[in-house]
Amino acid sequence: QVQLVESGGGLVQPGGSLRLSCVASGRTFGTHILGWFRQALEKEREFVASISESGDMADYADSVKGRFTISRDNAKNTVYLQMNSLKPEDTAVYYCALLRGGRWFLANVDSAYDYWGQGTQVTVSS
């Protein structure tokens with residue numbers, strides 16, 4: 001069983017930045033794909049970003065490309081999401097998730113992920 005715990009959410013003004021962190025339990029963190037998803041009020045959960053096991057590949061939703069950066073530190077069992085130039089439409093609960101099995105072609109599909117964190121609220125408002 002893997003546990004994922006997100007942190008770093010909060011209230012920020014438009015144009016501001018936040019960095020989300022997600023710490024995972026377990027000793028095989030470095031062998032799994034990690035992803036970030038978000039769900040706004042009354043909307044479906046959507047893909048934000050994913051990163052490969054070694055961190056050499058990353059993928060982003062078009063809506064966040066050029067503004068968000070996903071990274072990981074396998075020694076710390078942690079994945080990050082650096083969010084810059086935040087917009088009101090980025091307001092959502094952000095979830096990190098872990099995908100087993102090296103299935104990179106499914107890294108943007110939420111139903112493929114095996115473990116999820118509890119989420120952290122990000123609110124972008126003036």
- Query: Between the main-chain N or O of Q3 and the side-chain N or O of S25, is there a donor-acceptor pair closer than 3.5 Å?
  - Reply: yes
- Query: Is there a donor-acceptor pair under 3.5 Å between the side chain of N77 and the backbone N or O of T28?
  - Reply: no
Compare every heavy atom of [Y] with every heavy atom of [X], then report the nearest pair and how far apart it is.
X	Y	value
A58	I70	CB-CG2, 3.8 Å
I33	S52	CG1-CA, 4.4 Å
L98	L4	N-CD1, 3.8 Å
A92	A40	CB-N, 3.8 Å
L81	A49	CD1-CB, 4.2 Å
A24	F29	CB-CD1, 3.5 Å

Which donor-acceptor pairs under 3.5 Å do the side chains of residues 6-20 make with protein atoms, sequence neighbours left out?
from, atom 1, to, atom 2, distance (Å)
E6, OE1, Q118, N, 3.0
E6, OE1, Q118, NE2, 3.4
E6, OE1, G119, N, 2.9
E6, OE2, C96, N, 2.9
E6, OE2, G119, N, 3.2
S17, OG, N84, OD1, 2.9

- Using the ring pair (Phe, Tyr, Trp, His ring centres under 6.0 Å) rule, collect all pairs that involve residues 44-95, keeping only residues at least two apart or in two chains. F37-F47
Using the side chain to side chain donor-acceptor pair (under 3.5 Å) criterion, which residues pair with [X]? Sequence neighbours excluded.
X	result
K65	D62
E46	R38
T31	none

I need the full list of salt bridge (Lys or Arg N to Asp or Glu O under 4.0 Å) pairs touching [range], with sequence neighbours left out, sorted by first then second residue.
range	answer
residues 68-78	none
residues 114-126	R100-D114, R103-D114
residues 115-126	none

From [X] [atom1] over to [Y] [atom2], what is the distance, rounded to the nearest 0.5 angstrom?
X	Y	atom1	atom2	answer
E53	L34	CD	CG	9.0 Å
H32	I51	NE2	CD1	15.0 Å
D110	S50	CG	OG	12.0 Å

- Message: Atom CD of residue position E44 - does it have more than 12 heavy atoms of other residues, nucleotides or ligands inside 6.0 Å?
- Response: no
- What residues, two or more places apart in sequence or in another chain, satisfy side chain to side chain contact (heavy atoms under 4.5 Å, CB included) together with Q121? T91, V93, T123
- Query: Hey, any chance Y113 and W36 share a hydrophobic cluster, counting ILVMFWY side chains that come within less than 4.5 Å of each other, even indirectly?
  - Reply: no
- Task: Check whether V79 and V2 end up in the same hydrophobic cluster, where Ile, Leu, Val, Met, Phe, Trp and Tyr are linked by side-chain heavy atoms less than 4.5 Å apart.
- Result: yes
- Message: Does anything in residues 27-83 form a disulfide (SG to SG under 2.5 Å)? List the pairs, not counting sequence neighbours.
- Response: none
- Are side-chain heavy atoms of L99 and Y115 found at a separation under 4.5 Å? no
- Task: Kindly write out the residues that satisfy salt bridge (charged side-chain N to carboxylate O under 4.0 Å, His left out) with D56, not counting sequence neighbours, or none if the list is empty.
- Result: none
- Query: Using links of under 4.5 Å between side-chain heavy atoms of ILVMFWY residues, direct or through other members, which residues join L41 in one cluster?
  - Reply: none
